[in-house]
Amino acid sequence: MDYSHTETETGRPTLMGRLNRWREEHVSEKMFLLLLALAVGFFAAVAAFSLHWIINQIVMLLTSSFEKTSANWLYLVYPVVGIYLTSLFVRHIVKDNISHGITRILYAISSNKSRLKGHNCWSSVIASAITIGFGGSVGAEAPIVLTGSAIGSNLGQMFHLDRKTLMTLVGCGAAGAIAGIFKAPIAGLVFTLEVLLIDMTMSSLLPILVSCVTATCFTYIFSGDAALFTFHLDSGWTVQRIPACLLLGVMCGLVSLYFVRSMSWAEGIFARFKDQPYVRLLIGGSVLSLLIFLFPSLFGEGYSSINLLLNGKTEADWNQILNNSLFAGQSAMLIPYITLVLLTKVFATSATNGGGGCGGTFAPSLFIGCFTGFLFSRLWNIYEVGIYVPEKNFALMGMAGVMSGVMHAPLTGIFLIAELTGGYSLLLPLMIVSVSSYLTIMLFEPHSIYGSRLAREGKLLTHHTDHAALTLMNLNSVIDRDYTAVEPDMELGQIVRKISHSRTSVLPVLNPAGDLLGEVDIAKIRHIVFRIELYHHFTAAQLMTEPKAMLDDSMPMADVMKAFDRTGADWLPVRDADSHLKGYVSRQRVYTMYRKMVADMSEE
């Protein structure tokens with residue numbers, strides 16, 4: 001380990017430097033990683049408990065005096081206030097983008113050597129607590145996952161650990177966060193495998209398990225035995241319900257597709273006003289307030305509505321979901337209300353984040369899934385399509401189905417819902433619904449809602465070793481900026497003198513603005529370079545040729561490799577965003593780095 005950065009100006013080691021030396025002498029790398037995983041799990045549990053406690057206090061303060069049998073006009077005010085306060089906090093205190101928490105983790109893993117900023121350890125907790133507490137229709141899970149991963153990343157950076165170990169600690173943080181929030185250690189482990197795409201090798205499996213178990217145990221200590229959702233199985237599953245489960249899975253897949261496509265469309269609308277925060281606040285706040293006023297179930301995470309549908313047995317129980325709305329007491333409006341809430345939840349979530357709030361899509365996918373399962377089973381029973389299906393059971397299975405589709409993570413959906421509710425007796429139907437949903441959305445969307453943004457930029461890490469190696473490579477790290485340029489009117493005699501100083505086999509021809517006009521290939525002019533009588537007869541403009549391909553500095557490495565394979569070139573020019581020449585990339589250097597990256601990833 002290089003300790004040069006852990007010494008003071010006088011050459012004496014800092015406290016961290018001495019601690020690192022002591023650690024290397026007395027603690028093995030494997031044991032140290034397990035200790036860090038335990039610490040990450042503990043801090044993730046603390047963050048999860050703190051966030052939910054703050055949210056609950058804000059909600060109780062704001063809504064304790066609401067009338068259940070009529071509409072409440074304050075639903076028009078609270079969400080806008082919450083989004084505005086959050087946007088002020090992010091712009092003036094954090095001064096960084098903290099939205100799309102899980103997408104930011106994926107980006108850090110694939111493009112930033114698993115390095116997350118220090119403020120991510122706390123900023124998402126405060127921002128999402130304000131947003132959700134005031135009614136923002138988003139989830140607290142993604143912010144907590146980002147917080148846990150940031151804690152792992154920053155602990156690793158503090159001890160100057162390598163990229164592979166940092167990636168494991170990021171996975172520990174994410175897994176610990178999920179395990180802590182839901183008291184579901186297996187779901188936390190599977191989430192890291194499916195969503196964050198971290199390979200479960202023996203060196204990473206044990207630390208992630210330690211983090212999951214630690215976070216779950218401390219969450220029980222902090223909050224007791226109560227589960228986030230309560231569910232009691234009244235009617236066991238039978239084989240006759242397989243057709244209904246399959247159809248529910250297909251419906252969940254289509255609803256997931258609607259969720260992902262609608263979310264992307266809404267994000268595109270708000271992206272147009274990226275530099276106009278008050279316009280975004282006006283649009284997002286107006287949409288969110290109106291939707292929450294009409295459908296109070298959209299207020300906050302919506303977990304109370306989920307619990308109602310998971311535990312209701314009669315129409316009188318289900319009609320409670322109409323409370324606080326314009327439809328309170330009108331039992332005939334139950335099905336239309338459920339349908340409209342299901343369809344508008346995605347826009348409430350988009351409006352919350354687009355308007356300046358902070359939250360994730362984890363809870364919204366559970367919410368929509370629960371409403372989807374209930375709506376499907378209620379209509380099935382009303383129209384007597386087949387054998388009776390319990391609404392509460394199908395509401396539970398719908399949660400797993402939509403989560404599996406939206407996140408492209410069927411195992412996470414299965415084990416999270418099973419652990420969350422103790423519904424292991426419904427494990428088989430959960431599998432049927434989750435797999436059916438996943439297969440349905442895969443026909444239309446190859447990536448999850450988290451990965452689709454990065455996949456479009458070629459920055460999504462996958463379990464495919466070749467693709468993962470290319471994703472982890474950085475074009476800027478292989479650019480040779482020490483090139484020898486020539487001007488268009490430079491004569492051959494001067495070009496020959498330039499060749500003697502060149503590191504590349506081509507000389508770029510640049511105009512005064514730095515734009516690449518062409519390049520002189522040394523191999524192509526070798527038949528005249530020694531003919532002195534021609535030194536004043538040719539200029540660079542006459543000798544130059546078009547580059548075989550032009551690379552942009554933001555181009556994914558997979559496209560760079562394709563360009564080399566397509567052209568057969570040894571050197572290719574790279575230009576920046578202003579189309580100025582940035583340097584050259586060597587085929588040999590790219591392939592050498594690629595082989596080293598693949599070898600490093602295969603060392604287990």
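Scope of the values below: all heavy atoms of this structure, side chains included, with no hydrogens, waters or symmetry mates.
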Student: Any donor and acceptor pair, going by atom type alone, linking the side chain of Thr131 with main-chain N or O of Ala127 inside 3.5 Å?
Tutor: yes
Student: Please report the closest heavy-atom contact between Met263 and Thr361, naming both atoms and the distance.
Tutor: CE-CG2, 3.6 Å
Student: May I ask you to test the Arg587-Asp565 pair for a side-chain heavy-atom distance under 4.5 Å?
Tutor: yes
Student: Can you confirm whether Ser87 sits close enough to Pro277 that some side-chain heavy atom of one is under 4.5 Å from a side-chain heavy atom of the other?
Tutor: no
Student: Could you walk me through whether Leu36 and Phe159 pass side chain to side chain contact (heavy atoms under 4.5 Å, CB included), step by step?
Tutor: CA-CA 10 Å; Leu36 286 180; Phe159 291 99; 4.1 Å; yes
Student: For the side chain of Ser262 and the backbone of Val346, is there at least one donor-acceptor N/O pair under 3.5 Å apart?
Tutor: no
Student: Looking only at non-hydrogen atoms, find the nearest pair between Met403 and Leu416 and report the distance.
Tutor: CE-CD2, 3.4 Å
Student: How close do Gly253 and Ile441 get, heavy atom to heavy atom, and via which atoms?
Tutor: O-CB, 4.0 Å
Student: Is there a donor-acceptor pair closer than 3.5 Å between any side-chain N or O of Glu194 and the backbone N or O of Leu411?
Tutor: yes
Student: If the plane angle is over 60° it's perpendicular, under 30° parallel, otherwise tilted; pick one for Tyr84 and Tyr278.
Tutor: tilted
Student: I'd like to know if the side chain of Thr349 and the backbone of Ser137 have a donor-acceptor N/O pair within less than 3.5 Å.
Tutor: yes
Student: Step through the shown structure and confirm whether more than 12 heavy atoms of other residues, nucleotides or ligands are within 6.0 Å of NE2 on His537.
Tutor: no
Student: For the residue pair Leu581 and Pro573, what are the closest heavy atoms and their distance?
Tutor: CD1-CB, 3.8 Å
Student: What orientation do Trp122 and Phe89 show, parallel under 30°, tilted 30 to 60°, or perpendicular over 60°?
Tutor: perpendicular
Student: Should Arg481 and Lys582 count as side-chain neighbours, where that means a heavy-atom distance under 4.5 Å?
Tutor: yes
Student: Are the side chains of Phe270 and Asn353 in contact, using a 4.5 Å heavy-atom criterion?
Tutor: no
Student: So which atom in Gly171 and which in Thr192 form the shortest heavy-atom distance, rounded to 0.1 Å?
Tutor: O-OG1, 3.5 Å
Student: Can you run down the salt bridge (Lys or Arg N to Asp or Glu O under 4.0 Å) pairs that involve residues 542-552, sequence neighbours left out, and say none if there aren't any?
Tutor: Asp552-Arg575
Student: Among Leu193, Val40, Leu189, Leu169, exactly one meets side chain to side chain contact (heavy atoms under 4.5 Å, CB included) together with Ile208. Which residue is that?
Tutor: Leu189
Student: Are the side chains of Leu551 and Ile479 in contact, using a 4.5 Å heavy-atom criterion?
Tutor: no
Student: Side chains of Cys358 and Val90, heavy atoms from C-beta outward: is any pair under 4.5 Å?
Tutor: no
Student: Tell me, yes or no, whether the heavy-atom count around Glu487 atom CD, taken from other residues, nucleotides or ligands under 6.0 Å, exceeds 12.
Tutor: no
Student: Please report the C-alpha distance between Leu288 and Val80 in whole Å, then the side-chain angles of each, then the deciding distance to 0.1 Å, and finally whether the side chain to side chain contact (heavy atoms under 4.5 Å, CB included) criterion is met.
Tutor: CA-CA 8 Å; Leu288 180 61; Val80 180; over 6 Å; no
Student: Under the 3.5 angstrom rule, does the side chain of Ser153 hit a backbone N or O of Val170 as a donor-acceptor pair?
Tutor: no
Student: Name the one of Pro207, Ser149, Cys212 that satisfies side chain to side chain contact (heavy atoms under 4.5 Å, CB included) with Cys172?
Tutor: Pro207
Student: Among Val94, Ile93, Asn154, whose side chain to side chain contact (heavy atoms under 4.5 Å, CB included) with His119 holds?
Tutor: Val94
Student: Decide if atom OH of Tyr584 counts as having more than 12 heavy atoms of other residues, nucleotides or ligands within a radius under 6.0 Å.
Tutor: yes
Student: One pair to check against side chain to side chain contact (heavy atoms under 4.5 Å, CB included): Ser586 and Asp480. What are the steps and the verdict?
Tutor: CA-CA 8 Å; Ser586 162; Asp480 189 345; over 6 Å; no
Student: Check whether any side-chain heavy atom of Leu51 lies under 4.5 Å from a side-chain heavy atom of Thr147, and answer yes or no.
Tutor: no
Student: Testing the basics here: between Val585 and Phe564, what is the closest heavy-atom pair and its distance to 0.1 Å?
Tutor: O-CZ, 3.4 Å
Student: State, without any angle test, whether Ser404 and Ser437 hold a side-chain donor-acceptor pair at a distance under 3.5 Å.
Tutor: no
Student: Before you tell me yes or no, could you show the steps for Glu519 and Tyr483 under side-chain hydrogen bond (donor to acceptor under 3.5 Å, both in side chains), namely the whole-Å CA-CA distance, both residues' side-chain angles and the distance that decides it to 0.1 Å?
Tutor: CA-CA 12 Å; Glu519 55 189 22; Tyr483 57 85; over 6 Å; no
Student: Evaluate whether atom CG of Leu443 has more than 12 neighbouring non-hydrogen atoms of other residues, nucleotides or ligands under 6.0 angstrom away.
Tutor: yes
Student: Less than 4.5 Å apart, side chain to side chain, heavy atoms only: is that true for Ser350 and Trp265?
Tutor: no
Student: Could you go step by step and tell me if Asp521 and Ile525 meet the side chain to side chain contact (heavy atoms under 4.5 Å, CB included) rule?
Tutor: CA-CA 7 Å; Asp521 190 333; Ile525 65 169; over 6 Å; no
